[in-house]
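This report refers to the structure that appears directly beneath it.
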Amino acid sequence: MRERLLQAIDAALRELLRDAGDSAAPPAFVVEAPRQNDHGDFACNAALLLARRLGRPARDIAATLIAKLGDAGGLLARAEVAGPGFVNLWLEISRWRSALHEILLAGPDCGRSETGAGRAFQVEFVSANPTGPLSVGHGRQAILGDCIARLLEATGWRVLREYYFNDAGRQMRVLGESVRARYLEQLGRATPPDQKAREGLPVVFPSDGYQGDYILDIAASIREREGEGWAREPGDGGFRQEATARIFDGIRRTLDALGVHFDVYSSESSLYDERCVETLLADLRATGLLEERDGALWLRSSELGLPRDRVLVKSDGEHTYLLPDIAYHREKFRRGFERVLDVQGADHKDQAPFVKAAVGLLGLDPTRLEFLFHEFVTLSTGGRKVKQSTRRATFITADELLAEVGVDVFRYFMIERRAQSHLDFDLELAKERDWTRNPAYYVQYAHARTHGIERQARARGVMMPTPEQVETEALALAEELELIRKLSVFREVVARAAETREPHHLAYYLREVAGLWNPYVQDSARHRVLGVDPALTRARLGLTLAVRFVLAAGLDLLGMSAPEQM
RNA sequence: GCCCCCGUAGCUCAGUUGGAUAGAGCACCGGUUUCCUAAACCGGGUGUCGCAGGUUCGAAUCCUGCCGGGGGCGCCA
């Protein structure tokens with residue numbers, strides 16, 4: 001709808017410019033739905049942008065533009081100059097009504113577009129190392145990444161969801177040592193670090209070990225299964241494996257419960273197995289930007305315009321995480337993705353430029369690699385902050401939060417805010433069962449109501465209409481036209497949310513649709529869907545179906561269920 | 001000290017590549033109504049868009065400086 005209008009205005013502008021002897025292209029004008037209804041269905045700022053260039057008053061140009069535009073091939077009912085030189089445009093009502101038909105014909109696909117054209121897009125997110133259960137911050141990231149993936153799919157991209165984890169470095173070793181220490185403590189062969197040493201019992205627990213209760217549980221289950229059998233094991237290997245497997249199981253269960261499913265889990269160690277890191281090091285050497293210094297191997301990244309140099313290989317021979325990270329991103333492109341998106345927490349912000357620069361250094365196009373950073377999550381209840389510290393007593397995991405509020409509310413609340421805003425998760429509101437107060441339920445209930453109406457219709461022997469049976473001329477009330485207008489931009493909203501990687505726009509949009517639909521249904525003193533006039537009833541049932549398609553598709557893009565009954 | 005994000009109504013937050021009189025939900029008050037499941041509708045009103053400059057037809061939006069909150073600045077991941 002807007003697309004066609006854009007084209008018509010563009011053509012009119014070119015004509016206008018030609019008349020003025022200006023052969024350059026028209027300016028980048030905007031056609032948008034203005035805030036105020038009496039400013040038309042759309043407003044265009046082209047005349048304002050041209051005023052200086054043509055040396056004429058903007059309102060003059062606007063008037064000329066309107067004359068050139070005419071009715072834009074039957075699209076326009078009215079156009080007028082407004083304010084400093086806007087052109088306000090009113091669409092022919094029949095055009096709005098045909099937008100409703102388009103939704104009914106598209107059905108569940110009413111939000112889809114094809115800009116991705118089947119190209120391959122990798123979204124990497126969560127990527128938490130298996131050292132403990134997922135935090136609420138990981139939970140936000142899981143929802144954010146998954147919703148972006150869903151949006152990209154809806155715009156025609158072929159999306160692969162990937163989870164990358166480090167299993168080769170020091171962190172995993174410390175994890176194994178932590179479990180081993182707890183195991184020995186439980187056998188009475190070691191002293192916990194917070195207790196006074198007993199006779200001859202050493203403290204084994206590492207100073208930077210993992211303190212959580214889940215470590216105790218893993219140790220206990222090993223003890224139950226193996227007895228004292230592992231006490232003489234010299235290294236942490238068995239413990240590390242056991243811990244990693246157990247924790248990863250938990251993480252996957254959590255993700256599963258959140259409705260987040262990865263296509264690929266890839267590990268740092270596989271990069272070593274396939275010699276990617278080795279190859280990378282050789283190729284980086286060839287760039288001449290590596291340098292031995294103090295026994296370590298440095299990347300002279302400051303010469304690439306970055307704030308400092310970085311160590312790739314430590315003086316003890318171990319790699320920093322940056323090195324395999326670069327190798328990993330190179331692999332992504334080798335695997336043929338047109339575009340790659342990394343979703344990460346704000347604490348990774350400073351690292352991205354190094355990876356990006358290294359990718360460029362290797363001759364790859366860094367603009368195909370995107371990063372999206374999200375800020376942290378805090379929990380509050382009734383305006384009071386809930387303390388989140390790593391101390392076990394007050395640490396709330398994604399699992400625990402999920403158990404409190406359920407997956408639909410979890411997802412809605414996590415996606416409602418833009419990524420770069422702090423997310424204040426209001427537990428009190430999230431646990432609110434009243435659909436009028438909890439926005440997640442408000443949207444879902446709006447959907448359920450379309451089925452409620454269908455149930456009523458069936459009880460009265462009224463059939464739901466096919467698209468062809470919907471005579472939209474019968475829809476004349478202001479609130480009906482407003483609904484149609486809102487529904488008709490769904491595809492654009494989805495496309496924009498996908499393109500800007502900003503799923504929160506979709507959440508807001510659905511809230512707005514529900515905010516029109518719920519009162520419409522509720523205020524049935526003035527307009528009942530199921531009435532005496534069969535044509536009007538069919539038209540309103542058509543509207544009901546269109547609302548259902550949009551809400552169902554929208555909820556699905558957020559990974560939420562669309563219940564038929566609540 | 002340097003870098004990044006944020007600062008919008010009492011609270012939580014939106015604000016479409018710079019657009020017209022800055023919005024939503026919650027919370028508060030009054031009136032109407034009882035209906036396709038839980039109530040809805042109408043009205044009441046609040047903003048130095050953190051502060052100060054600048055850019056221009058026009059700034060919450062862009063630039064500079066400052067203030068406040070968060071994150072980062074490791075041969076940790």
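Chain naming here is simple, since letters A, B, ... match the order of the sequence lines and numbering starts at 1 in each.
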5′-ward residue of the pair A:Arg496/A:Ala296 relative to RNA chain B: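 In this pair, the answer is A:Arg496.
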Nearest whole Å is fine: how far is [N] [atom2] from [X] [atom1]?
X	N	atom1	atom2	answer
A:Leu429	B:C13	CG	P	12 Å
A:Arg417	B:U12	CZ	C1'	5 Å
A:His39	B:A22	NE2	C1'	14 Å
A:Ile453	B:C36	CD1	P	10 Å
A:Leu49	B:G19	CG	P	11 Å
A:His374	B:G71	NE2	P	14 Å
A:Glu454	B:C36	CD	P	17 Å
A:Arg511	B:A14	CZ	C1'	12 Å

Counting Watson-Crick and G-U wobble pairs only, both distances under 3.5 Å, name the nucleotide matched with [N], or none.
N	result
B:A52	B:U64
B:G1	B:C73
B:G30	B:C42

Using the [atom1] atom as the reference point in each nucleotide, state the distance between [N] and [M] in Å, no decimals.
N	M	atom1	result
B:C26	B:C73	P	41 Å
B:U16	B:A60	P	12 Å
B:A20	B:A59	P	10 Å
B:C49	B:A22	C1'	8 Å
B:U17	B:C75	C1'	44 Å
B:G65	B:A24	C1'	34 Å
B:U12	B:G7	C1'	14 Å
B:C6	B:G43	P	35 Å

Would you say [N] has OP1 or OP2 under 4.0 Å from some side-chain N or O of [X]?
X	N	result
A:Thr436	B:G25	no
A:Arg310	B:C75	no
A:Gln351	B:A77	no
A:Arg418	B:C6	yes
A:His348	B:G71	no
A:Lys314	B:G74	no

When you compare the side chains of A:Ser561 and A:Gln444, does any donor N or O come within less than 3.5 Å of an acceptor on the partner?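 Checked: A:Ser561/A:Gln444 side chains pair up, N/O donor to acceptor below 3.5 Å.
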Should the side chain of [X] and the base of [N] be counted as holding a donor-acceptor pair, with the cut-off at 3.5 Å?
X	N	answer
A:Thr320	B:C75	no
A:Asn45	B:G19	yes
A:Asn88	B:A20	yes
A:Lys349	B:C4	yes

With respect to A:His319, which candidate in A:Val277, A:Val311, A:Asp325, A:Leu312 satisfies the side-chain contact (heavy atoms from CB on, under 4.5 Å) definition? A:Val277
Salt bridge present between A:Arg170 and A:Asp208 (N-O < 4.0 angstrom): yes
Ignoring the backbone of A:Arg170, work out which of B:G71, B:C76, B:A14 is nearest its side chain. B:C76
Selected nucleotide, minimal atom distance to A:His422 side chain, candidates B:G70, B:G74, B:U16: B:G70
Answer yes or no for this row: A:Phe86 ring on B:A20 base, centroids under 5.5 Å, planes under 30°. yes
Could you tell me whether a side-chain N or O of A:Trp90 sits under 3.5 Å from a main-chain N or O of A:Ala79, the two making a donor and an acceptor? no
Can you label the angle between the A:Phe376 ring and the A:His422 ring as parallel, tilted or perpendicular, going by 30° and 60°?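 Answer is perpendicular, since the angle exceeds 60°.
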Over 60° means perpendicular and under 30° means parallel, so tell me whether A:His451 and A:His447 are parallel, tilted or perpendicular.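 Ring orientation of A:His451 relative to A:His447: tilted.
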Does A:Glu32 CD have over 12 foreign heavy atoms under 6.0 Å away?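 Atom CD in A:Glu32 is crowded, with more than 12 foreign heavy atoms closer than 6.0 Å.
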